[in-house]
Participant: 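Quick one: the structure is below, and I'll ask about it shortly.
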Amino acid sequence: METFWLFLICSLLFALNFFVTKRFGLKNVEYEIYFEEEKSIEGQEIHIVERIYNGKILPLPWVKSEFEISSSFFMENSKNYVVGDKLRYISIFFLLPYQQIVRRHKFVATKRGFYKLDKIYLVTGDLFGLATADRCYYVNDTLTIYPAFLDLQKYLLPRSSFSGETIVKRHYYEDIFHFAGIREYQSYDAFNRINWNATAKYNTLMVNKYEYTSSGDAIILLNLQSSEYERKEVFNKNVIEFGIKIAASLANECLKASTPVGFACNSFDEETGQPLEILLPSQDANQLVKVCEALAHIKIQVNQYFEVLLYDVLRAYNFRELFIITCFVNKEMEECIRLYSSLGIKFTLIMLEYDPRAFDLESENVRVFLAKEIVK
């Protein structure tokens, strides 16, 4: 008989425990989560803040929060695991009556991009694990990670350079009154620029080198196709990410040299899902932020062939110099560059991969650099 009553009492207690946990477990529990920073730079620390408050007299022996962020976020010594391209993070709380806990989780953003916190799961239960209550929270917090800047002198190599030509040193028109030194003769150089004294000294043809004056706008064009026939999906995403860093660094160098610069890319905006808009050249104080914002929002997906974007930009706008960052040069791009360079427009090709067709384009109005990523 005693056993029966003991069983009955235990059953009633477990039933009461189950009812209380289900009904009141997450009642009057406030929870919020957000990025502490709105914007940051690739490689820097960012913080995700969790705030939870138990607004009732019933203590909570355990509360588990679970949220997903991009696997591009890294946290040392954390109890998390990667599922696909997501990092699943779990946090455990013990809450006394009317207690609030705020936690600040530190991550490192290893990749540029536009990131969202959208869906969070909160679960609580009793000490025995017999009853649980859960709730799903929908938040809409975002974080923009700008690409890191590179030292272009280390990463961009001209095919032939006698005196270390730089990527942004030359702009638009040579000024014959500003002598800048000598360099080795190239096939496109005029004979009246030959420096005969230097030629005799070095026993090879040398020409005078002049500074260039900035008189016009420039635009950076990034080709998101890693191969010629990609229509939507990009196969070699790593080389494109490298190209994005090159674009950010190039914009930075142009603005330092007081050159108005814009940006365009044949991709989609990660936030809106629409084709990325053309950013017109400017020399405003916040232009670099605008370029980095556009680069951070790039979705690695092609929205049109690059030659279409190139023709559209050249026909619709009056740019004096185009910086083209690409993995290849196809027939249509080659014809376009030859045509417009003959009309006086200057091109700088930054090749993410070696393509002999690009180097065949070198002329007075076309420079070619090979971008090489340094393996650490």
Participant: Gln287: what forms a side-chain contact (heavy atoms from CB on, under 4.5 Å) with it, not counting sequence neighbours?
Facilitator: Leu255, Leu279, Ser282, Lys290, Val291
Participant: Measure from NZ or CZ of Arg135 to the centre of the six-membered ring of Tyr31 and say whether it is under 6.0 Å with the direction within 45° of the ring axis.
Facilitator: no
Participant: Of all residues at least two apart in sequence or in a different chain, which pass the side-chain contact (heavy atoms from CB on, under 4.5 Å) check with Asp118?
Facilitator: none
Participant: Checking one residue: Tyr34. Which other hydrophobic residues are in its cluster under the side-chain 4.5 Å linking rule?
Facilitator: Val49, Val102
Participant: Tell me, which pairs form a ring pair (Phe, Tyr, Trp, His ring centres under 6.0 Å) where one or both residues lie in residues 279-317, sequence neighbours left out?
Facilitator: Phe114-His297, Tyr317-Phe319
Participant: Give a yes or no on whether the ring-centroid distance for Tyr137 and Phe67 is below 6.0 angstrom.
Facilitator: no
Participant: With sequence neighbours left out, what residues match Ser70 under side chain to side chain donor-acceptor pair (under 3.5 Å)?
Facilitator: Ser72
Participant: Please report the C-alpha distance between Gln283 and Thr259 in whole Å, then the side-chain angles of each, then the deciding distance to 0.1 Å, and finally whether the side-chain hydrogen bond (donor to acceptor under 3.5 Å, both in side chains) criterion is met.
Facilitator: CA-CA 7 Å; Gln283 205 177 332; Thr259 302; over 6 Å; no
Participant: Just how far is it from atom OG1 of Thr110 to atom CD of Gln44, taken to the nearest 0.5 Å?
Facilitator: 13.0 Å
Participant: Where does the angle between the aromatic ring planes of Phe107 and Tyr89 fall among parallel (under 30°), tilted (30 to 60°) and perpendicular (over 60°)?
Facilitator: perpendicular
Participant: Just grab all the salt bridge (Lys or Arg N to Asp or Glu O under 4.0 Å) pairs involving residues 297-316, residues at least two apart or on different chains.
Facilitator: none
Participant: Regarding Glu321 and Arg367, does a basic nitrogen lie under 4.0 Å from an acidic carboxylate oxygen?
Facilitator: yes
Participant: Nearest heavy-atom pair of Leu370 and Met351: which atoms, and what distance?
Facilitator: CD1-O, 3.5 Å
